[in-house]
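Start at 1 with the first residue, then count along the sequence.
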Amino acid sequence: MAINGDSGSCVSADVAAGVPPAAALFHSLADENRLRIVQRLARGEARVVDLVAELGLAQSTVSKHLACLRDCDLVDYRAEGRQSFYSLTRPELMDLLASAEQLLAATGHAVTLRPAPSGARTGGAGA
């Protein structure tokens with residue numbers, strides 16, 4: 001599944017074009033909007049309409065990126081009536097994001113890529 005424009009392509013399209021699978025995986029996560037979708041889904045399942053509202057993206061953009069992430073086998077959905085609920089399929093993705101956080105922190109670029117554990121405090125004094 002290829003995504004037109006500046007957002008690149010997905011793993012299967014990259015692999016079919018001769019890109020090594022590891023590079024194709026990182027390429028699929030290199031798009032900021034796909035990474036934002038992954039980060040949101042790490043907190044729990046969501047519908048397209050939820051992602052549109054929370055991320056401020058167009059419905060067509062969210063749908064295309066979800067299709068790419070599904071093509072990568074990183075995201076899947078379950079149907080409930082006329083609604084589809086998307087969720088992450090690979091818990092290993094959280095390990096990858098944790099490692100990326102550690103690597104970026106070690107290079108002076110601390111970021112948060114994963115949601116805080118349940119009950120964890122975020123922000124504020126002493127946090």
Side-chain angles (χ1 to χ4, degrees):
M1 148 128 241
I3 292 184
N4 297 327
D6 295 331
S7 55
S9 60
C10 298
V11 172
S12 64
D14 281 350
V15 171
V19 176
L25 172 65
F26 284 107
H27 185 233
S28 71
L29 294 173
D31 182 90
E32 180 181 2
N33 290 325
R34 284 195 291 273
L35 187 56
R36 290 174 63 208
I37 290 170
V38 166
Q39 289 171 308
R40 168 52 189 87
L41 293 178
R43 295 193 330 258
E45 66 182 14
R47 301 168 300 160
V48 170
V49 67
D50 301 325
L51 295 169
V52 166
E54 292 177 38
L55 302 176
L57 300 171
Q59 182 273 324
S60 60
T61 300
V62 170
S63 293
K64 287 178 183 177
H65 286 303
L66 284 169
C68 175
L69 292 166
R70 284 186 62 218
D71 182 57
C72 303
D73 292 325
L74 298 176
V75 167
D76 206 354
Y77 71 95
R78 67 175 178 86
E80 187 173 301
R82 296 179 60 181
Q83 300 183 70
S84 295
F85 292 83
Y86 289 84
S87 61
L88 298 179
T89 59
R90 307 299 325 166
E92 300 89 349
L93 185 53
M94 292 302 98
D95 296 336
L96 178 64
L97 295 180
S99 294
E101 287 176 350
Q102 292 173 351
L103 179 60
L104 288 166
T107 61
H109 301 284
V111 299
T112 300
L113 297 173
R114 300 168 298 143
S118 296
R121 289 180 36 185
T122 57

More than 12 heavy atoms from other groups under 6.0 Å of CD on Glu92:
yes
Please say which of Asp71, Thr61, Val75, Asp76 ends up in a side chain to side chain contact (heavy atoms under 4.5 Å, CB included) with Leu66.
Val75
Phe85 CZ: over 12 foreign heavy atoms closer than 6.0 Å
yes
For Glu45 against Ser87, the heavy-atom pair lying closest together
CB-CB, 4.0 Å
Leu29 versus Leu93: any side-chain heavy-atom pair under 4.5 Å?
yes
With a 4.5 Å heavy-atom cut-off, do Leu97 and Glu101 have their side chains touching?
no
Can you find a pair of side-chain heavy atoms, one from Leu57 and one from Leu51, that are under 4.5 Å apart?
no
Leu103, Val111: one ILVMFWY side-chain cluster at the under-4.5 Å cut-off?
no
Considering non-hydrogen atoms only, spot the tightest contact between Arg90 and Asp73 and give its length.
CG-O, 3.3 Å
Side-chain contact test, heavy atoms from C-beta onward, threshold under 4.5 Å: evaluate it for His27 versus Val19 and give yes or no.
no
Is the side chain of Gln83 donor-acceptor paired with the backbone N or O of Arg47 at a distance under 3.5 Å, no angle test?
no
Any chain of hydrophobic side-chain contacts (each under 4.5 Å) joining Val38 to Leu104?
yes
To the nearest 0.5 Å, atom CD1 of Ile37 lies from atom SG of Cys68 at 9.5 Å
Would you say Arg40's side chain and Glu54's backbone share a donor-acceptor pair under 3.5 angstrom?
no
Can you tell if the side chain of Leu113 reaches within under 4.5 Å of the side chain of Gln39, non-hydrogen atoms only?
yes
Interatomic spacing from CG in Leu69 to SG in Cys72 - rounded to 0.5 Å:
5.5 Å
Is the shortest side-chain heavy-atom distance between Arg34 and Leu74 below 4.5 Å?
no
Shortest non-hydrogen contact from Asp14 to Ala24?
CB-CB, 3.5 Å
Quick check: do His65 and Arg36 have side-chain heavy atoms less than 4.5 Å from each other?
no
